[in-house]
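To start, the structure itself, in C-alpha cells.
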Amino acid sequence: MSRIVAENISSDNNNNSSQFFPHSMELIAGEFSAATGASQTLGQLLKRVGDVRKEATGDETPVHEILVDDTERRPMPFVLSFNYLTYSVKVRRKMPMPGFLRRRDRSAAASVVSGNPLDGDSFFTRTKTLLNDISGEARDGEILAVLGASGSGKSTLIDALANRIAKGSLKGNVTLNGEVLESRMLKVISAYVMQDDLLFPMLTVEETLMFAAEFRLPRTLSKSKKKMRVQALIDQLGLRNAAKTVIGDEGHRGVSGGERRRVSIGIDIIHDPIILFLDEPTSGLDSTSAFMVVKVLQRIAQSGSIVIMSVHQPSYRILGLLDRLIFLSRGQTVYSGSPTSLPLYFSEFGHPIPENENRTEFALDLIRELEGSPGGTKSLVEFNKSWQSMKYTRDSEPDRLGLSLKEAISASISRGKLVSGATDDVSSTSMVPRFANPIWKEMLVLSNRSILNSRRMPELFGIRLGAVLVTGFILATMFWQLDNSPKGVQERLGFFAFAMSTTFYTCADALPVFLQERYIFMRETAYNAYRRLSYVISNALVALPGLIFLSFAFAATTFWAVGLDGGFSGFLFYFLIMFASFWSGSSFVTFLSGVVPHVMLGYTIVVAILAYFLLFSGFFINRDRIPAYWIWFHYLSLVKYPYEAVLQNEFDNPTKCFVRGIQIFENTPLGAVPGPMKVRLLQSLSNTLGMRITSSTCLTTGVDILKQEGITDLSKWNCLWITVAWGFLFRILFYFSLLLGSKNKRT
C-alpha cells in the first residue's frame with residue numbers, strides 16, 4: 001500500500017486517526033439515516049464531521065491523503081450527470097453575390113417574409129449548433145475524456161459542464177448526485193485548468209504553488225500546514241526536482257513544457273477539488289510528458305475527484321489510463337462508454353478495428369471519413385443512441401451508494417478532502433463562503449507575489465527609470481538656468497508643458513502589465529481565489545513606491561538645473577505634483593488596459609488620447625480662446641491640472657518681476673532696435689502715459705503672467721488634489737472594467 005500523507009503525525013495520533021475513520025463513516029451512515037424528523041443542512045453536517053475529527057485527533061484540519069489505497073474498496077459517492085445539453089450561437093452569414101443569393105436563399109427569404117424564419121435564421125445571421133443533445137455521466141475515481149476533431153465541440157462541452165456558459169444560452173441540465181449545482185457551490189468544489197499555461201515567469205514552482213495555497217486554502221489552516229500541502233502536491237505532481245526552478249518564459253530559461261503543464265494543474269487542485277475540468281491538458285506536449293500528465297490526473301481521480309478532460313488524440317498508453325470516453329462529431333455524440341468497449345461497438349457498427357491499430361486513432365479517422373460523406377455521421381449518431389439504450393437495459397442497476405450531495409460532500413471531507421472554505425455555519429445558504437480569505441489577506445498575498453515577480457525582473461523598472469532620467473537630463477541641459485526675461489518666461493512655459501506631458505507618456509509602460517496578467521487574473525477570479533477589489537488595491541499599492549522614486553528622480557534632475565523658483569518648499573510641491581501626475585497617468589493607462597485587450601491597440605489609443613490632453617491643456621491655446629463646444633475637453637484634460645499647478649508654483653510670487661523697462665519691447669519687431677533708441681521710446685511712452693517708467697521699472701510680475709495664461713480659477717493645491725482624484729477615479733473605473741469584462745463565460 002502506497003500512501004503519502006501531508007502531515008507528520010505521531011504514532012498516537014495515527015492510532016487515533018485510524019479510529020476516526022470508522023467512527024466518521026458510522027456518523028455519516030447512522031446520523032444521516034437517524035435524522036428522519038428534520039433534514040440537516042450541509043453546514044450542520046460539516047460541523048459534526050469537524051467535531052468528531054477534533055475529538056479523535058485534536059485537530060479539525062483533515063489529514064490530506066494524496067494517494068489512495070487501491071486495496072481498500074471505498075464507496076463512490078459522486079456522480080456528475082449531464083442530460084440533453086444543447087447550445088447554439090448566432091453567427092454572421094457570408095454575403096454572397098446577389099444572383100447567387102437569389103438562387104440559394106429563395107426559400108429562406110420566403111420563410112422570413114411569411115414570418116417563419118428557419119430555426120431563427122435571417123438574411124444576416126444563422127444559427128450554429130455547437131452541442132446537440134449531449135448526455136453522459138462521470139464518477140469520482142475515474143477520468144472522463146472527451147475526444148473529437150477540431151471544432152467537434154470538446155471545449156464547448158467542458159465549458160458547459162464547468163458552468164462557463166451563460167444561463168439561458170445552454171439547454172439541458174447538469175447535476176451532481178441528482179441535484180442541480182449552484183454556481184457558488186460549483187466554484188468552491190471544482191477547478192478548471194485552461195489549455196494555455198498561464199503562470200508568472202519569474203516565480204519558482206514551489207512559490208507558484210504556495211501562492212495558490214494562500215489564495216485557495218481556508219484561512220483556518222496554519223502556514224506550516226499549507227506548506228505541507230504544497231510539498232505533498234509537489235511530490236504528487238512529480239515536480240520535486242524542479243521545485244526550486246523558475247517557471248521561465250521566452251527570455252528566461254525555466255521548467256520544461258510538461259512540468260509547466262503539471263504546475264498549471266497543481267495551481268487548480270491545491271484545494272483538492274471534487275471536480276476537475278481540463279481543456280486539452282496534453283496539447284503541445286511530447287508523448288512522454290503527455291503520459292506523465294495523465295498519470296498525475298489518474299492519481300488525482302483516485303484520491304476521490306471527478307476528472308473530466310478534453311483530449312485531441314490520446315496515445316495507446318494514455319488510453320489505458322482513461323475510464324470513460326465520449327466521442328463528438330460536430331456537436332453530437334457518436335460514442336459514449338468505456339475504452340474497452342470500442343472494438344465491440346465499431347464491430348457491431350460494421351467497421352471492426354484491426355488488431356494492431358490504435359483504437360482512438362481508428363475511431364477518429366472513421367469519424368472524419370463519415371463527416372466528409374454525403375450522409376455525414378448521422379448513421380453513427382443513430383447507432384450510438386440504439387447502443388446506449390441496449391446498454392442501459394443490460395447494465396441498469398442501482399448505484400452502489402446513493403448519497404445525496406450534502407452527504408457525499410461530508411463523506412468526502414471525512415476522508416481527508418480539503419474543500420476550500422468549508423465552515424461550521426449551520427445555514428445551508430452560507431455553508432461555503434465565496435472567498436477563502438479576508439480582503440486584507442488577499443491584498444497582502446497579491447502584493448507579495450507582484451513584488452517578488454517584479455524584483456526578479458529589475459530590467460523593466462530600470463528601463464523606465466532610465467527613460468525618466470534621460471528625459472530629465474535632456475530637459476535640464478536644454479533649459480539650463482533660465483533667466484527672468486520675457487524669453488525666459490516663454491521657455492519656462494515650454495519646459496512645463498513638455499515635462500508634464502512626458503510624465504504621462506512614460507506611464508504607457510503600465511499598459512502591458514495587466515494585459516500580460518489578464519488571463520491569469522481571469523483564471524484565478526473565475527473560481528473566487530480572490531476579490532477583484534483586492535487585485536485593484538494591491539495593483540495600486542505595488543505601483544506607488546516606483547512612482548514615488550520616478551517622481552523624485554525627475555524632480556531632482558530638473559528643478560535646480562532649470563532654475564525654477566520657490567526654494568525647498570517650491571521643490572517639495574514640484575515633487576508632489578510630479579508624483580500626482582505619475583499617479584493619475586499610471587491609473588489612466590491601467591484603466592485602459594482593463595478595457596483594451598491588445599497591446600498595440602492600447603498603445604495607439606494611449607498616445608492619441610494623451611496628445612489630445614496636451615492639446616487642450618491650455619498651453620497651445622488659452623482657456624479663454626478655446627471654442628465653447630470644446631471647453632468640456634479642456635476640463636477633462638489630465639495635463640491641464642498639473643500644468644496649471646507648476647505654473648502657479650513658479651509664478652505666484654507677486655514680488656518677482658519678469659519684464660523690466662526696455663524688456664517690454666522683446667518678442668516684438670521693436671526688439672531689434674538698438675538699446676539707446678529703446679530708452680528714448682520708453683521715455684516717450686512714459687510722457688504719453690503720464691507716468692515715470694525707467695529701465696528698472698517692473699512692468700510684468702508672475703501674477704500678470706498667470707492672468708495672461710488664463711490660470712485664475714483654481715489654486716495650485718486644488719490642482720494637486722484634482723490630479724490625485726483623477727488617479728483614484730481611473731482606479732475605480734479599472735475595477736468596474738474588471739467586474740464587467742471578466743465574466744469568463746460564453747454568451
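All residue numbers refer to positions in the sequence shown, counting from 1. These values consider heavy atoms only, across backbone and side chains, with no hydrogens, waters or symmetry-generated copies. As the structure is a prediction and not an experimental result, all values here were calculated from the model.
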Test Tyr345 against Tyr335 for ring pair (Phe, Tyr, Trp, His ring centres under 6.0 Å), laying out the working first. CA-CA 8 Å; Tyr345 177 81; Tyr335 175 77; 4.7 Å; yes

Let me confirm one number: the CZ-CG distance from Arg330 to Asn132, rounded to the nearest 0.5 Å. 13.0 Å

Regarding Gln388 and Asn384, is there a side-chain donor-to-acceptor distance under 3.5 Å anywhere? yes

Between Arg317 and Thr288, which heavy-atom pair has the shortest distance, and what is it? NH2-CA, 3.9 Å

Grab the two heavy atoms, one from Pro314 and one from Asn358, that are nearest each other, plus how far apart they are. O-ND2, 3.9 Å

Is the Phe349 ring parallel, tilted or perpendicular to the Phe346 ring (thresholds 30°, 60°)? perpendicular

Can you tell me how far the CD1 atom of Ile520 sits from the CG atom of Asp196, to the nearest 0.5 Å? 11.0 Å

Does Ser305 form a side chain to side chain donor-acceptor pair (under 3.5 Å) with Asp140? I'd like the steps, not just the answer. CA-CA 5 Å; Ser305 298; Asp140 73 337; over 6 Å; no

Classify the side-chain pair Ser264/Asp197 by whether it contains a donor and acceptor separated by less than 3.5 Å. yes

Please determine whether a side-chain nitrogen of the Lys or Arg among Glu137 and Arg139 lies less than 4.0 Å from a carboxylate oxygen of the Asp or Glu. yes

Correct closest heavy-atom pair for Asn177 and Phe78 would be OD1-CA, 3.2 Å

Regarding Gln298 and Lys295, do their side chains bring together a donor and an acceptor under 3.5 Å, going by distance alone? yes

Examine the side chains of Asp159 and Thr156 and answer whether a donor and an acceptor come within less than 3.5 Å of each other. no

For atom CD of Glu357, decide whether the heavy atoms of other residues, nucleotides or ligands shown that lie under 6.0 angstrom number more than 12. yes

Supply the atom-to-atom distance Arg262 CZ to Ser256 OG, rounded to the nearest 0.5 angstrom. 6.5 Å

If you look at every heavy atom in Ala160 and Leu85, which pair is closest and at what distance? CB-CD1, 4.4 Å

Nearest-0.5 Å distance, CG of residue Leu233 to CE of residue Met228: 15.0 Å

So that I can tick it off, tell me whether Lys223 and Glu214 are bridged by a salt bridge, with the cut-off set at under 4.0 angstrom between side-chain N and carboxylate O. yes

Can you tell me how far apart CD1 (Ile143) and CD1 (Ile300) are? Round to the nearest 0.5 Å. 8.5 Å

Do we get Arg164 above Tyr192's six-membered ring, with its NZ or CZ under 6.0 Å from the centre and within 45° of the axis? yes

Nearest-0.5 Å distance that lies between atom CG in Leu209 and atom CG in Leu239: 7.0 Å

Is a side-chain donor-acceptor pair under 3.5 Å present for Ser329 with Gln332? no

With the threshold set at 4.0 Å, does a side-chain nitrogen-carboxylate oxygen contact exist between Glu524 and Arg216? no

Assess, by modelled atom type and distance only, whether the side chains of Asp279 and Ser310 contain a donor and an acceptor separated by less than 3.5 Å. yes

Is it the case that more than 12 heavy atoms not belonging to Asn241 sit under 6.0 Å from its CG atom? no

Closest approach of Ile326 and Ser336, non-hydrogen atoms and distance? CG1-OG, 3.8 Å

